Amino acid sequence: MAHARPRPEWHLMGRLLVLGCMAMSLEGQPARPAPAALTAKAPGHPSYGLKVNTEDGPFLLTHLRYDPISPAGRISAYRLSGPATWGPYRLGMDLGSHRSGVVGKSEGIWTWSYSRFEVLRVEPGGPAQRAGLDETWWILQVDGQNFQWQLPTLLYYATRRPTVEVLAQKRSGWGKGKEKRFQIELQKLEAPVDPSAAEVEDTTTLEQVLQPLGPQLAEPALWRTLARLRSSTPRFAPIPVVLEGRTWWVVRGAPAAQRSHAIGLDPNRQPRWLIRGENAQIPGATERQDLAFLEFWEADPCGDAAVAAPAFLCAEPPDQVLKGRLLRLRGHWFEVAEAALDPGSGRLAKFRVEPWKADALSLLRGELPARNLDPSAPVADLAALEQLGNEALIEWKTRALPGLLATLTVNPAEDLVIRLEKGILDLDLTAKRLRARLDEEARAEVARKAQAELAAKRGQAAPIAQGASTEDLELVADLLDQRKAILMAVLGNAKQALASLRR
């Protein structure tokens, strides 16, 4: 018994017969800035974009972003369609595309429909009708090509030629099923249409985007142009900053666009497809889609320097608080002395950093250097800061403390002892809390392993480990224990000096 045949899905992509619609030929101009009115049609309403022409039709590239997974850049690509993307010729008919797929099952056998273009309507007296075509024909090929059944590609191709040969198949009426070739002499228009009138399609398949764009995306010049376009907008305007005597240009990037996919460059600058939410394909790389990154450029991306990507990146704190924070830049720690975001555009309006060095006097009070670190920073960064703190405290104890104790009177000596004892108490409490956290995570890991063994016996997926690396946490706890020992030694010296002063 045959199942009911579902209705085929038709994709009506546009009208070809309206003589008032005029298109500009883009031959010889593979890429150029897109009109603001066109880029505003893309999701998120970006204020910049690059219009790129391919053999399959034009695309809009925008939402440029740099992150640890794609440090050379990633973009969103949108296909442009409609009469504004066509050439100066018209076929004089409306077309629809029919995609192949399963349509039913009879006696255990699946049946399939065929991909083709359908003639939906012909213009009376127009080019298609003069050639003999009407609504009873399928179009199978144009000049021997099926364009992978992408109607925008067919329209982009056909409307740029004065004559095309169409292979069609009779779909209804007398002679159903027969094939015939038609020579169509297209009608030329007199003036171009406004390019900003194009339609922006949110394409989502690899074949529709990456394959036609791949060769151009491999060219650094395209990415340099995109960077200049982006940097010329108020939101992404770069500002200079001095790091260790050298001027860099800093741009505050944006979080990833709310899309399911993007095109990024791998370490070899080859385009690849990125799916939001999937694990990184680069070993050791991590990404937070909701984070913005501070981009440090060797030259002004607005200028003519041949720079296609920033030299290095730094994640912005999730709370967007920069002033007073510690940032690790090119392997060195800096404190943000000044920072401000423009309330209107969100751009980085002010940014100044100074080399950071641990303050021994604050360490005596039990304060941690990592207090000004981004709360979401990896534990390894916290451990690195605390290590630097211990080293600074040892240097201070050896070089500065003897001279300080020699100049103290009774009251300042008492203040020093009190400060040290309070600092040790605070440090001891911090270390105990960290050890308790380690114990809790150890118990959780034991429970997880037990659940994993049980899940394996039942053929179920094992639970995923949570939390930071216990090795990094243990290192921080060990560093705090070391600092406590250093402070105890300083306290002993201070108490001896105070006892001598009281005699």
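No experiment lies behind these values; they were computed from the predicted model shown.
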| request: May I have the step-by-step check of side-chain contact (heavy atoms from CB on, under 4.5 Å) for W223 and I75, ending in yes or no? | output: CA-CA 10 Å; W223 295 88; I75 47 119; 3.7 Å; yes
| message | salt bridge (charged side-chain N to carboxylate O under 4.0 Å, His left out), that's the test. Do D426 and K484 meet it? Break it down for me. | response | CA-CA 10 Å; D426 289 341; K484 182 179 175 182; over 6 Å; no
| message | side chain to side chain donor-acceptor pair (under 3.5 Å) for D194 and S196? Distances and angles first, verdict last. | response | CA-CA 5 Å; D194 181 1; S196 63; 2.7 Å; yes
| said: Does Q148 form a side-chain contact (heavy atoms from CB on, under 4.5 Å) with T153? I'd like the steps, not just the answer. | reply: CA-CA 9 Å; Q148 296 184 343; T153 304; over 6 Å; no
| request: Report the C-alpha distance between R435 and D478 in whole Å, list the side-chain angles of each, state the deciding distance to 0.1 Å, and finish with yes or no for salt bridge (charged side-chain N to carboxylate O under 4.0 Å, His left out). | output: CA-CA 10 Å; R435 294 291 184 189; D478 292 341; 3.0 Å; yes
| Under the side-chain contact (heavy atoms from CB on, under 4.5 Å) criterion, do L348 and V251 qualify, and how do the steps go? | CA-CA 7 Å; L348 190 63; V251 176; over 6 Å; no
| said: side-chain contact (heavy atoms from CB on, under 4.5 Å), that's the test. Do E199 and L80 meet it? Break it down for me. | reply: CA-CA 5 Å; E199 300 172 12; L80 300 178; over 6 Å; no
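Contact check on R74 versus D67 returns a salt bridge, with a Lys/Arg side-chain nitrogen under 4.0 Å from an Asp/Glu carboxylate oxygen. Using a cut-off of 4.0 Å between Lys/Arg side-chain N and Asp/Glu carboxylate O, R483 and E386 are scored as salt-bridged. Comment: R325 does not engage E316 in a salt bridge, judged by the lack of any side-chain N to carboxylate O separation of less than 4.0 angstrom. Using a 4.0 Å cut-off between a side-chain N of Lys or Arg and a carboxylate O of Asp or Glu, R228 and D300 do not qualify as a salt bridge. The existence of a salt bridge linking E421 and K495 is confirmed by a sub-4.0 Å separation between a basic side-chain nitrogen and an acidic carboxylate oxygen. A salt bridge links R352 with E354: the closest approach of a Lys/Arg side-chain nitrogen to an acidic carboxylate oxygen falls below 4.0 angstrom.
When atom types are taken as modelled, the side chain of H45 and the backbone of A40 share a donor-acceptor pair closer than 3.5 angstrom. When atom types are taken as modelled, the side chain of T398 and the backbone of E395 share no donor-acceptor pair closer than 3.5 angstrom. Between the side chain of T62 and the backbone N or O of Y48, at least one donor-acceptor pair lies under 3.5 Å. Side chain of D342 to backbone of S345: a donor-acceptor contact under 3.5 angstrom is found. Put simply, the side chain of Q216 gets close to the backbone of N53: a donor and an acceptor are under 3.5 Å apart. No side-chain donor-acceptor contact under 3.5 Å links S70 to the backbone of A72. Of the possible polar contacts, one joining the K41 side chain to the A198 backbone as a donor-acceptor pair under 3.5 Å is found. Side-chain atoms of T233 never come within 3.5 Å of backbone atoms of L229 as a donor-acceptor pair (strictly under, hydrogens ignored). A distance-only check finds no donor-acceptor pair linking the side chain of R224 to the backbone of A309 [under 3.5 Å]. A donor-acceptor pair under 3.5 Å is absent between the side-chain atoms of H332 and the main chain of W356, judged by distance alone.
Counting all heavy atoms, side chain and backbone alike, L385 lies closest to A370 at CD1-CA, 3.9 Å. Of all the heavy atoms in L64 and G73, the pair that sits closest is CD1-CA, 4.5 Å. Heavy atoms only, all atoms of each residue included: P271 and L217 are closest at CG-CB, 3.6 Å. Here the closest non-hydrogen pair linking L61 and L226 is O-CD2, 3.7 Å. Taking every heavy atom of both residues into account, L326 and P369 meet most closely at CD1-O, 3.4 Å. The two residues A77 and I263 have their closest heavy-atom pair at CB-CD1, 4.1 Å.
Taking CZ of R235 as the start and OG of S47 as the end, the distance is 9.5 Å to the nearest 0.5 Å. A distance of 8.5 Å separates CD of Q320 from CG of L322, quoted to the nearest 0.5 Å. Summarising the geometry, atom SG belonging to C314 is positioned 11.5 Å from atom CD belonging to E295; distances are rounded to the nearest 0.5 Å. To the nearest 0.5 Å, atom CG of residue L416 and atom CG of residue L491 are 8.5 Å apart. Once rounded to the nearest 0.5 Å, the distance linking NZ of K323 with CD of E335 reads 10.5 Å. Within the model, atoms CZ of R252 and CG of L294 stand 8.0 Å from one another, a figure rounded to the nearest 0.5 Å.
Under the 6.0 Å distance and 45° angle rule, R246 counts as a cation-pi partner of W248. Relative to the ring axis of F236, R230 places its NZ or CZ within 45° and under 6.0 Å from the centre.
Side-chain contact between L368 and L427 is present, with at least one heavy-atom pair separated by less than 4.5 Å. Side-chain contact between W333 and L388: present, with at least one pair of heavy atoms (C-beta onward) separated by less than 4.5 Å. Counting only heavy atoms from C-beta outward, the side chains of L313 and F296 never approach each other to under 4.5 Å. Counting only heavy atoms from C-beta outward, the side chains of L60 and L50 never approach each other to under 4.5 Å. Side-chain contact between Y66 and P71: absent, with no pair of heavy atoms (C-beta onward) separated by less than 4.5 Å. When side chains are defined from C-beta on, W297 counts as touching V307, because their heavy atoms get closer than 4.5 Å. Side-chain contact between L473 and V476: absent, with no pair of heavy atoms (C-beta onward) separated by less than 4.5 Å. At a threshold of 4.5 Å between non-hydrogen side-chain atoms, the residues V353 and V242 do not count as touching.
Considering L420, D428, L363 as possible partners of L487, the one that fulfils the side-chain contact (heavy atoms from CB on, under 4.5 Å) test is L420.
The aromatic ring centroids of Y78 and F59 lie 6.0 Å or more from each other.
Side-chain contact, N411 with T409: no donor N or O sits under 3.5 Å from an acceptor N or O.
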